[in-house]
Every structure is written in C-alpha cells, then in structure tokens.
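To start, the structure under review is shown below, and the notes come after it.
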Number of protein chains: 2
Amino acid sequence: MATVSRVLNESGPVGVETRRRILEVATALRYTPDSAARSLTTRRTGTIGVLLPDLYGEFFSEVIRGIDATAQRGGYHLLVSSSHDDKGALEAAMRAMRGRVDGLVVMSPDIDAPALVANLADTTPVVLLNCDVEGTAFDALNIDNFGGASAMVRHLISLGHERIAFIAGSERNHDAAERLRGYRAVLQRAGLERRAEWERTGDFTEAGGYRAAAELLVEAVRPTAIFAANDSMAIGALSALRESGVRVPEDVVVVGFDDIPIARYMSPPLTTVHVAINELGERATRMLLQAVEEKNVQVKVQETLPTTLVIRQSCGGCGSPVSAESRCFR
Amino acid sequence: MATVSRVLNESGPVGVETRRRILEVATALRYTPDSAARSLTTRRTGTIGVLLPDLYGEFFSEVIRGIDATAQRGGYHLLVSSSHDDKGALEAAMRAMRGRVDGLVVMSPDIDAPALVANLADTTPVVLLNCDVEGTAFDALNIDNFGGASAMVRHLISLGHERIAFIAGSERNHDAAERLRGYRAVLQRAGLERRAEWERTGDFTEAGGYRAAAELLVEAVRPTAIFAANDSMAIGALSALRESGVRVPEDVVVVGFDDIPIARYMSPPLTTVHVAINELGERATRMLLQAVEEKNVQVKVQETLPTTLVIRQSCGGCGSPVSAESRCFR
DNA sequence: TTGTAGGCGTTATCAG
DNA sequence: CTGATAACGCCTACAA
C-alpha cells in the first residue's frame with residue numbers, strides 16, 4: 001500500500017490515526033522494507049563501495065576505519081572488496097559493484113585506475129585514493145608523499161647524516177614512487193652522494209623491510225641512516241638491525257612513513273612522517289558522498305593531505321636546526 | 001527477453017548462433033544485469049554481512065582478510081559494518097543488513113549476540129565469531145582461549161617464574177574472560193600466589209597495555225613475568241618497560257596472545273599464543289556459506305580454533321621442560 | 001530452441 | 001488525505 005510507504009519514509013501527508021495504526025502493525029509484524037525492491041525503484045542503494053589493493057597491515061585498516069565511520073554517519077553501508085593485484089581483477093571488481101553501490105572509493109596506487117574509470121564510462125561517482133592521477137577529470141585525494149619524504153630527508157641531513165639509504169616500496173606503486181622522488185630530490189639538492197646500493201626495493205611489508213635492511217648492512221660502505229618508505233618496512237628494518245647487534249639510533253638511524261598507530265610503541269619509538277590515515281578515509285568518503293548526493297555539481301576536486309614530521313627516538317633526536325614543520329613527540 | 005537471461009546465467013538451452021549474437025550485443029552495450037532487480041526475484045543478494053565491534057589493530061584486519069578471501073572465492077561480496085559498542089547499535093546494524101545479505105558473520109565478544117540473534121527471529125543464517133554462546137542453537141566459532149592461556153602460563157612456570165602478572169582485556173569481553181580464567185586456573189593448580197594487584201584490566205589496546213605495565217612496575221612486589229591478554233597490550237607493555245629502563249627478558253618477561261603479524265618483529269620478538277587469525281575468518285565464512293547454500297541442513301555446528309605456543313625471545317627462551325605443544329621459533 | 005506473461009516488493013503518479 | 005495502478009529490471013514458468 002502506498003500509504004505505508006508514505007509513513008515509513010515520511011514522504012507525503014498522512015492522517016494521524018492512519019499513521020499510528022500503520023506503525024503499530026509494522027512493529028508488531030517486525031516489518032522491514034525490502035531493500036532490493038526499494039533500490040529497484042529509487043535507483044539508490046544506500047551503499048558505497050570500497051576497492052582496496054589489500055587489507056594487510058594497520059594502514060589499510062585505519063583507512064577503512066575512517067571510511068566506515070564517515071559512511072555510517074551519513075547513513076551508508078560499506079561494500080568492501082580487496083586484493084586486486086592486476087588491472088583485470090580491479091576492473092572485474094568495479095563491474096561487479098555496478099548497481100550495488102551509489103558511489104565508489106577506489107584506492108589503487110599500483111594500477112592505472114583513472115584509465116580504468118574513464119574506460120568504464122560509468123555514471124557512478126568515484127573518488128580516487130592514492131592514485132596516480134593527472135588533471136581535473138576525477139575526484140581524487142592524495143597524500144603529500146613528495147613533501148613528507150623531502151622533509152624527512154632534510155631532517156636527517158640536519159642531524160648530520162650524509163649516507164642516507166632508502167627502502168622503497170614496489171616500483172609500480174604511486175605513493176612509493178613519489179616518496180622515492182622526494183628522497184632523491186633532496187639528496188641531489190644537498191649535494192649528497194647517491195648510491196644505487198643504498199636504494200633497495202621493498203614491498204611495504206615488514207618482511208621486505210627486514211630483507212632490505214639486512215642487505216644494507218653488508219654493503220661495503222654502510223649508510224648511517226635508513227629511511228623506509230613506510231612504517232611496516234621500518235619496523236622490519238628495526239628487527240633486522242637488532243638481530244645483527246646494530247644499535248638504533250646509536251649506530252644506525254631508522255625512520256619510516258605513515259605513522260601507523262604502533263609506530264610510537266616500537267623500540268625505539270619510530271620517527272616517521274605522520275599521515276592522518278583516518279582522515280584520509282574520512283575525507284575521501286565525504287568527497288564521495290557529496291558527489292553522490294549533489295549529482296548536479298559536475299566539478300571534480302583534487303585534494304592533497306598534508307603530512308608532518310613526527311620526531312621520536314629512532315632518529316636520535318630532534319637535532320639542532322629543527323625545520324619549521326617538524327614537531328618533537330615523546 | 002528471457003533468452004538473454006538464459007545466456008547470461010547459462011540456464012536453459014540456447015541456440016549457438018543466438019547465443020553468439022546476444023553476447024556480442026551485451027558486450028557492445030556494456031550490459032550488466034541490475035543486481036537489485038535480480039535479487040528481487042531470486043531472493044538472493046550474493047553478499048554476506050560482517051559485523052565487527054571495531055576495526056582497530058591488526059587482529060581485525062587479519063580476520064577480515066580471511067573473510068574477504070573466502071567470500072570472494074565463493075563469489076560473494078562483503079558488506080562490512082563495525083563499531084557496535086552496545087546492544088542497541090548491534091541490533092540496529094543487524095536489522096539494517098536484513099535483506100541486503102544472504103548471511104551474517106557476527107563477531108561480538110562484548111555483547112550477548114546469541115540473545116540478539118534469537119530475538120531477531122530472522123531466517124538469515126548467522127555464524128557467531130568469538131561469542132559467549134552456550135548450547136547448540138547457533139553456528140559458532142571460537143578461539144581456544146582457555147587452552148592457549150593455560151599453556152602459556154604453564155610455560156612461564158616451567159621457566160621458573162612464580163610471580164606472574166596478567167593484563168586482562170575489558171571485563172565484558174568473552175575472549176578476555178576466558179583467557180583470564182585460563183591464567184587463574186593454572187596459577188591455582190600450581191599453587192602459586194595470586195595477587196589482585198597483579199591482575200590489571202586493559203582494553204586490548206597498546207595504550208591500555210602501556211598503562212597497565214607502568215602500574216605493575218611500581219608495585220611493592222614486582223612480578224617477574226607479564227602475560228598480556230593480547231599482543232597489542234603486550235606491545236604497549238614492552239614500550240612501558242623499555243621507557244623505565246627495565247630490560248626484557250632479562251629483568252621482566254613479557255608475553256602476549258594472538259600472534260598478530262608484527263609480533264615477531266618486536267624488540268625483543270614477542271613470545272605469544274598463536275591464533276590462525278586468517279583461518280578464523282576463513283572458517284567462519286565457510287561455515288556461513290555452507291549454511292547459506294544448503295538451507296535444508298538445519299544442524300548447527302560449534303567449532304573451536306586450536307592455539308599453539310610460539311616461543312620467541314621476549315620470554316627468555318624455551319626453558320628446559322618444553323611442554324608438548326610448544327615449539328621454538330626464531 | 002525461443003518468445004510471452006506474470007510477479008518479486010517498492011515507490012511514484014494520479015484519481016478520488 | 002488516501003487508495004488504486006503502473007512502472008523498476010529481472011527470472012521462472014509456460015506456451016509456441
């Protein structure tokens with residue numbers, strides 16, 4: 001009956017008595033509108049989709065936390081799908097989500113998601129998270145990877161380090177590439193030596209960082225500082241150094257990127273580039289919801305999430321000339 | 001057209017030429033069946049719901065990973081919802097999922113989920129994960145919390161410890177309660193002293209473990225071993241001890257529970273009770289899919305996931321009389 | 001092997 | 001203010 005619909009959705013005028021009766025019966029019968037039927041007519045699902053490359057580690061779980069919180073606040077459900085190694089898998093996942101969601105948050109640092117989205121010619125709003133995107137054709141949110149990495153290297157230099165190694169993320173990863181770019185740029189600018197052996201490639205996991213650090217230790221010329229492109233690898237590096245009896249920060253300094261929650265609990269507490277991971281998910285979701293709910297606005301926005309240096313003990317201290325944006329934490 | 005449906009679902013006979021033509025047009029038009037309309041007729045959504053208390057930390061993200069992998073393999077999507085502090089929130093979330101999912105994995109160690117599920121009188125299959133459930137009325141999967149905690153305390157005793165402290169999880173948490181029960185049972189059995197001051201209550205977070213350990217350090221009689229009810233708290237404890245200049249494992253021994261991926265990378269590597277977290281999600285999902293796909297089978301199963309001791313360095317070594325189920329890892 | 005008709009549970013439209 | 005009636009897009013049955 002149409003009136004029932006009007007009562008439950010508070011759309012249209014309904015008599016007080018009628019309304020009461022309907023509500024009574026509805027609760028008595030534990031009646032809940034069928035969401036499939038509803039979205040068949042409304043063309044809205046009340047759900048947003050989240051596409052992630054993986055779910056391993058604290059970084060992703062914090063991002064989802066932010067997304068979930070924001071979506072929930074906006075009254076949306078979350079359809080999550082992860083582990084899209086290649087383009088085909090991501091494309092399949094996107095297609096599978098079509099019709100099931102009102103919008104999509106796509107985090108895909110490894111894959112050319114923009115091309116994929118353009119290719120799909122879909123009308124569902126999409127926000128690209130940590131993607132390598134040029135121009136203004138998409139809603140996109142990125143971390144200030146270059147700025148963060150630059151600031152960290154500058155800090156290391158200010159502490160007197162001249163032999164700075166870098167453990168990069170996987171080569172195709174956009175965040176990884178930007179962080180590497182920041183590292184190289186500052187080294188070059190400072191006129192410091194850049195050795196190929198001091199640039200190892202990891203995979204953003206603890207195991208990768210462990211391996212890379214172990215390799216760095218046996219180099220003929222050992223670096224005095226190791227900058228890992230994310231905290232997980234820094235933690236792996238810490239572990240490798242410890243096993244080899246190398247003291248941190250006395251013998252070698254280790255720093256990371258992301259500031260995942262455990263970073264401050266490491267031994268020693270990890271100096272890192274702080275990213276407001278929660279906020280990353282939050283803002284992406286807010287951007288998406290805006291696009292979902294105001295379909296008329298066709299203007300896309302590109303945003304960058306700023307980063308800050310968090311100085312803890314794994315780098316040996318604040319140094320004398322602390323750069324403007326760095327702060328000292330316990 | 002019915003034939004189109006037959007082609008896309010491979011149900012019913014279709015002429016070869018017709019089939020080819022339909023497929024051709026379908027791909028040309030990028031046609032994808034509307035999932036809402038489809039589930040309206042089929043009464044199936046191809047989605048399973050996951051209800052979690054929170055998304056913080058590696059434990060949850062590993063569980064979801066396991067669930068996601070298994071669901072994906074079975075061709076199902078994942079509708080995730082978290083942060084259900086109280087009964088009302090959980091109930092609302094369950095109701096909201098009704099009709100959107102074919103089945104539900106409910107992880108709710110804090111809340112009386114069984115009562116809720118029974119109360120909802122819903123026909124959607126549900127698997128209860130880490131819930132305090134009695135009897136055989138529900139499909140349920142639990143960790144062997146009691147066994148794991150017992151084994152760990154026995155191990156500590158075998159290492160010669162007599163003053164063993166415990167950092168518990170929150171009081172209403174079922175897993176936490178079982179682990180505490182295991183700790184107490186073994187202490188009692190061994191005739192060891194049990195002091196109220198050596199039982200601190202944490203909240204399964206690093207911060208909670210940090211606080212609890214700091215409090216233990218100022219006790220008149222200081223324990224020689226600290227058993228945290230999960231790894232996050234153990235990591236927090238490690239951090240607190242380190243800050244106070246207490247060496248682990250020389251001065252005080254620290255052990256955890258869960259064996260989250262980072263545990264092995266701690267300094268020192270964390271001795272802990274291994275839980276196959278991935279498998280936890282995997283098995284729960286398999287149980288659910290079974291219930292979803294074979295509706296006839298009305299027999300519910302209750303399973304327990306076994307645990308094993310993982311001896312690393314934070315407990316000071318393997319000890320002499322290694323109990324049967326313990327293994328030594330790097 | 002193919003096309004037609006009905007219905008899934010809502011909401012939107014339109015008379016009353 | 002309320003109740004019919006027609007979509008929404010698909011699948012299942014039935015008839016051709």
Side-chain angles (χ1 to χ4, degrees), chain A residues 1-47 49 75-77 79 94-103 120-124 292-293 295, chain B residues 1-47 49 75-77 79 94-103 120-124 292-293 295:
Chain A
M1 195 176 339
T3 311
V4 176
S5 171
R6 279 190 281 259
V7 171
L8 269 54
N9 296 318
E10 311 195 14
S11 63
V14 176
V16 177
E17 169 59 14
T18 319
R19 175 190 168 75
R20 195 196 54 72
R21 235 178 42 237
I22 289 181
L23 245 35
E24 187 183 30
V25 176
T27 51
L29 262 48
R30 280 205 175 86
Y31 170 80
T32 316
D34 183 287
S35 49
R38 179 183 298 210
S39 46
L40 186 58
T41 51
T42 49
R43 310 273 60 191
R44 315 197 68 259
T45 62
T47 304
Y76 284 82
H77 289 264
L79 201 57
M94 290 188 62
R95 216 198 315 281
M97 289 235 167
R98 207 209 300 205
R100 302 178 163 278
V101 298
D102 296 336
L120 232 55
D122 207 326
T123 57
T124 30
V292 165
E293 288 165 4
K295 299 224 178 213
Chain B
M1 197 178 334
T3 310
V4 176
S5 170
R6 279 189 280 260
V7 170
L8 269 54
N9 297 319
E10 311 196 16
S11 63
V14 176
V16 177
E17 169 58 14
T18 319
R19 174 190 170 73
R20 194 197 55 70
R21 234 178 42 237
I22 288 181
L23 246 35
E24 189 182 29
V25 175
T27 51
L29 262 50
R30 281 206 174 86
Y31 170 81
T32 317
D34 182 286
S35 49
R38 172 179 289 183
S39 45
L40 188 58
T41 51
T42 53
R43 309 274 60 190
R44 315 196 69 261
T45 62
T47 304
Y76 284 81
H77 290 265
L79 202 55
M94 291 189 63
R95 215 199 317 281
M97 289 235 167
R98 207 209 298 207
R100 302 177 163 278
V101 298
D102 296 336
L120 232 55
D122 207 326
T123 56
T124 29
V292 165
E293 287 166 4
K295 299 222 177 213

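Worth knowing before you read on, the calculation uses all heavy atoms, side chains too, and leaves out hydrogens, waters and symmetry mates. Letters A, B, ... are given to chains in the order of the sequence lines, protein chains preceding strands, and every chain is numbered from 1.
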Minimum side-chain heavy-atom gap A/Val101-A/Met94 below 4.5 Å: no
A/Thr45 side chain vs A/Arg100 backbone, donor-acceptor pair below 3.5 Å: yes
Sugar-phosphate, base or nothing in reach of B/Val14, heavy atoms under 4.0 Å: sugar-phosphate
Distances under 3.5 Å between nitrogen or oxygen atoms of protein and nucleotides 14-16 of chain C:
none

Spacing of B/Arg43 atom CZ relative to D/dC10 atom P, expressed in whole Å: 16 Å
Helical bend (five base pairs per end, nearest 10°) for the helix from C/dT1-D/dA16 to C/dG16-D/dC1: 40°
Least distance between heavy atoms, B/Asp102 atom then B/Val292 atom: O-CG2, 3.5 Å
Of the listed nucleotides C/dT4, C/dT2, C/dA12, the one nearest the side chain of B/Thr3: C/dT2
Non-hydrogen atoms of B/Gly49 and B/Met97 that approach each other most closely: CA-SD, 3.7 Å
Residues in contact with DNA chain D, drawn from residues 29-41 of chain A - heavy-atom cutoff 4.0 Å: A/Leu40, A/Thr41
Heavy-atom check, side chain of A/Ile22 versus side chain of A/Arg6, under 4.5 Å: no
With B/Glu17 via side chain to side chain donor-acceptor pair (under 3.5 Å) - residues at least two apart: B/Arg20
Within residues 15-23 of chain A: residues closer than 4.0 Å to DNA chain D (heavy atoms): A/Gly15, A/Thr18
Closest approach of A/Leu8 to A/Tyr31 (non-hydrogen atoms, all atoms of both residues): CD2-CE2, 3.4 Å
Separation of atom CZ in A/Arg44 from atom P in C/dT11, rounded to whole Å: 13 Å
Rounded interatomic separation in angstrom, taking CZ from B/Arg100 and P from C/dG9: 17 Å
Salt bridge (Lys or Arg N to Asp or Glu O under 4.0 Å) involving A/Arg38 - partner list, sequence neighbours excluded: none
Whole-Å gap separating C1' (C/dA12) and CD (A/Glu10): 18 Å
Separation of atom CG in A/Leu8 from atom C1' in C/dT11, rounded to whole Å: 12 Å
Shortest non-hydrogen contact from A/Arg98 toward B/Arg30: NH2-O, 3.5 Å
For the student: nearest non-hydrogen atoms of B/Ser5 and B/Ser11, plus distance: O-OG, 4.4 Å
Atom pair CG/OG of B/Leu40 and A/Ser35 - distance to nearest 0.5 Å: 10.0 Å
